[in-house]
Amino acid sequence: MDIQIKSRVKCIDRPVGEVSRLILSQTTREITDMVVRLDADGREIVVPVDGNTSVRPGPEVVLLYPVDRLEGMPGFRRGDWEEVEVAEFAPHLHVHQGEVLAKFPAAERDLSRRRFFFWASNAIGALITLPLVWPVFKYLIFPLYKGFDNAWVRLGKADRLPIADSPVLLDFTRTPKEAYMVNTVKKTAWGVKASPDLLKEVYKGDPERVFKEVDGKPIWENKGVEYIVYSGKCPHLGCAYRWDEAEKRFICPCHLSVFKLNGEVVSGPAPRRLDTLPVRLADGHVEIIDAEYKASEHGKKRIV
Ligand code: FES
């Protein structure tokens with residue numbers, strides 16, 4: 001039965017509207033229903049195409065029952081139907097894309113249920129896979145976001161610093177791991193066995209005594225230790241500086257910053273005093289946390 005789009009539709013008692021869409025069976029590909037747009041109010045209803053339907057040239061579709069029977073026909077809801085490729089229909093039907101529809105399978109109709117099953121199956125898949133991929137993920141990502149290394153580093157026996165207020169250059173080796181690479185770095189620091197007066201001068205402000213993690217948690221306080229250790233890097237641009245015993249001053253050869261024994265800047269471009277490091281005495285050895293601070297800034301901003 002060739003029902004065409006825009007065919008006029010009439011019941012046995014009067015005309016009712018025109019065909020706006022065709023609906024076919026998913027299995028037989030036969031037209032099972034038509035959507036009729038009613039002349040009276042523009043509503044669209046789904047009308048079965050069965051033995052009570054006849055098609056006449058014109059084209060005209062005649063429903064062999066009175067118009068009252070259309071009252072019980074369901075209204076057309078676009079979401080209940082899916083589009084069918086029009087190419088498979090005979091050209092004489094003159095249908096366009098969207099004018100031929102088929103019923104969604106029952107499970108497809110409930111979109112929220114489909115979404116739920118989609119996300120639930122993904123979540124279950126992720127839970128099953130996570131224990132397998134987590135070690136690899138951890139290996140690749142964690143080194144990039146590791147916090148600072150607050151391990152204690154041994155500089156040498158305390159008797160290497162026998163004379164009070166007399167700085168000694170201490171060298172040590174570090175093997176920091178940067179992301180996936182391990183380097184060996186030779187470093188220096190200036191250690192001083194400090195007299196009570198020098199300790200007072202250096203630690204007169206708490207910021208020099210208390211060392212904190214990036215999140216602000218204190219990690220160490222230089223309290224009750226008679227040693228002071230300065231980072232071996234000049235706070236101007238990071239050059240190694242030296243102690244001038246005659247002048248009783250630290251002097252940086254790069255841009256001639258000069259510092260007192262207590263670390264204060266005497267002259268030159270250095271923006272802040274020498275950087276004190278966390279220090280402790282353990283088993284007769286002087287140990288430090290090998291922190292590094294950003295050069296050229298007034299405040300101490302830890303970078304290593
Ligand atoms: S790096 Fe020390 S004064 Fe410039």
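Whatever order the structure lists them in is the order used to number ligands and atoms, beginning at 1.
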For ligand 1, which atoms have a heavy atom of L237 less than 4.0 angstrom away?
1 (S)

N, O or S of H236 under 2.8 Å from atom 4 (Fe) of ligand 1:
yes

Nearest to atom 4 (Fe) of ligand 1 - the N/O/S atom of H255, by atom name:
ND1

Closest non-hydrogen protein atom to atom 3 (S) of ligand 1, residue and atom name please, with distance?
S257 OG, 3.2 Å

Would you mind running through ligand 1 and noting each atom that sits below 4.0 Å from a heavy atom of C239?
1 (S)

Is a side-chain N or O of D33 found less than 3.5 angstrom from the main chain of I23, in a donor-acceptor match?
no

Can a donor-acceptor pair be found, under 3.5 Å and without considering hydrogens, that links the side chain of R160 to the backbone of H285?
no

Test item: Y241 side-chain N/O and C254 main-chain N/O as donor-acceptor pair under 3.5 Å
no

Counting backbone and side chain alike, does C252 bring an N/O/S atom below 2.8 Å of atom 2 (Fe) of ligand 1?
yes

Atom NZ of residue position K233 - does it have more than 12 heavy atoms of other residues, nucleotides or ligands inside 6.0 Å?
no

With respect to atom 2 (Fe) of ligand 1, please indicate if C234 possesses an N, O or S atom at a distance under 2.8 Å.
yes

Residue C254 vicinity, atoms of ligand 1 by number, heavy atom under 4.0 Å
1 (S)

Side-chain (R37) to main-chain (E18) donor-acceptor, under 3.5 angstrom
no

Kindly assign one of parallel, tilted or perpendicular to the pair W152 and W220, based on the angle between their ring planes and the thresholds 30° and 60°.
perpendicular

